[in-house]
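Just so it is clear, the model here is predicted, and its values are computed rather than measured.
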Amino acid sequence: MQDKKIFLAIHKSPSPPSTNRRGTAQEHAQMAETSTETQASGEWVRLQSTDGFSYLVRRKVAGASGTIRNMLDSEGGYAEALSKICDIKERGIIVERLVEYMSFKTYYENVNTKDEVPIHEFIERIPPEIILEL
């Protein structure tokens, strides 16, 4: 099994401006050079909420979400692939639960049977007041 310390830090800081535009040809070339080597080295990415919270997670954990994986794909040409910062259009508490879910999913991805996954452990940590937002 993997180490349970999957995400590093949670802190509130002013978010730098970001764009969701596709990069230039030069940026595409730079992304292609760093694609597989840096992804395998366990690099970190930042997920930012709309209310200013930032969550640093390993790229592998962030890849548990197909949308975030596509945003960080160097061949997709998105600005997030260069900056390694993904703006999530949700409140901090929702992004925090997203990070917890992705960590949980990554931790248990190699389990042989579904019976071995303690899903109730994850569900019990979700406050009832945010269930509908999730």
Side-chain angles (χ1 to χ4, degrees):
M1 289 270 168
Q2 301 170 7
D3 185 18
K4 284 194 175 190
K5 295 180 181 177
I6 296 182
F7 62 91
L8 173 69
I10 301 172
H11 69 282
K12 187 170 183 172
S13 63
S15 303
S18 80
T19 60
N20 288 330
R21 295 178 286 140
R22 295 192 178 267
T24 64
Q26 183 180 12
E27 290 170 338
H28 288 289
Q30 289 173 346
M31 286 187 292
E33 291 174 6
T34 61
S35 62
T36 55
E37 287 181 20
T38 56
Q39 289 177 9
S41 68
E43 66 183 38
W44 297 85
V45 297
R46 180 183 307 250
L47 305 179
Q48 295 185 138
S49 66
T50 55
D51 53 357
F53 287 92
S54 295
Y55 303 86
L56 296 174
V57 297
R58 290 196 184 275
R59 186 181 190 104
K60 179 180 180 179
V61 172
S65 163
T67 301
I68 296 173
R69 183 177 45 241
N70 289 336
M71 290 167 71
L72 296 170
D73 183 16
S74 61
E75 294 179 9
Y78 292 102
E80 290 84 358
L82 282 177
S83 67
K84 297 178 187 143
I85 299 173
C86 296
D87 288 322
I88 310 295
K89 304 297 181 202
E90 295 291 341
R91 296 184 307 138
I93 188 75
I94 302 301
V95 178
E96 182 177 345
R97 295 299 178 235
L98 172 66
V99 170
E100 284 184 28
Y101 172 74
M102 292 185 304
S103 299
F104 185 86
K105 182 178 178 182
T106 303
Y107 185 78
Y108 288 104
E109 71 185 350
N110 294 325
V111 173
N112 295 332
T113 64
K114 289 183 179 182
D115 295 333
E116 296 177 27
V117 178
I119 192 72
H120 294 310
E121 177 185 314
F122 178 75
I123 293 174
E124 289 173 356
R125 293 189 307 221
I126 300 174
E129 58 270 9
I130 66 166
I131 294 252
L132 293 177
E133 288 183 76
L134 290 172

Problem set entry | Contact check, side chains of Ile68 and Ile88, non-hydrogen atoms, under 4.5 Å | yes
For this session: Report the residues that fulfil side chain to side chain contact (heavy atoms under 4.5 Å, CB included) with Phe122, sequence neighbours left out, ordered by chain and then residue number.
Result: Glu100, Tyr101, Phe104, Arg125, Ile126
For this session: Please round to the nearest 0.5 Å and tell me the distance separating atom CG of Asp87 and atom CE of Met71.
Result: 7.0 Å
For this session: Identify the two heavy atoms, one from Ala81 and one from Ser74, that lie closest to each other, and give their separation to 0.1 Å.
Result: CB-CA, 4.2 Å
For this session: Determine the minimum heavy-atom distance between Thr106 and Ala64, stating which atoms define it.
Result: OG1-CB, 3.8 Å
For this session: Name all residues meeting the salt bridge (Lys or Arg N to Asp or Glu O under 4.0 Å) criterion together with Arg69; count only those two or more places apart in sequence or in a different chain, and write none if there are none.
Result: none
Seminar exercise, completed: To the nearest 0.5 Å, atom CD1 of Ile85 lies from atom CG of Leu72 at 10.5 Å
For this session: Might you point out which heavy atoms bring Val111 and Glu116 nearest each other, and give the distance in Å?
Result: CG1-CB, 3.3 Å
Exercise. With distance as the sole test, does Tyr108 use its side chain to make a donor-acceptor pair with the main-chain N or O of Pro118 at under 3.5 Å?
Worked result: no
Seminar exercise, completed: Sorted by chain and number, sequence neighbours left out, side chain to side chain contact (heavy atoms under 4.5 Å, CB included) with Pro127 holds for Arg97, Glu129, Ile130
Exercise. Is any side-chain heavy atom of Cys86 less than 4.5 Å from a side-chain heavy atom of Leu47?
Worked result: yes
Exercise. Is there a side-chain contact between Ser49 and Glu90 (heavy atoms, below 4.5 Å)?
Worked result: no
For this session: Drop me the distance from Lys84's NZ to Trp44's CH2, to the nearest 0.5 angstrom.
Result: 13.0 Å
For this session: Would you give the length of the straight line joining atom CD of Glu75 to atom CG of Asn70, rounded to the nearest 0.5 angstrom?
Result: 11.0 Å
Exercise. Any side-chain heavy-atom pair from Val95 and Tyr55 closer than 4.5 angstrom?
Worked result: yes
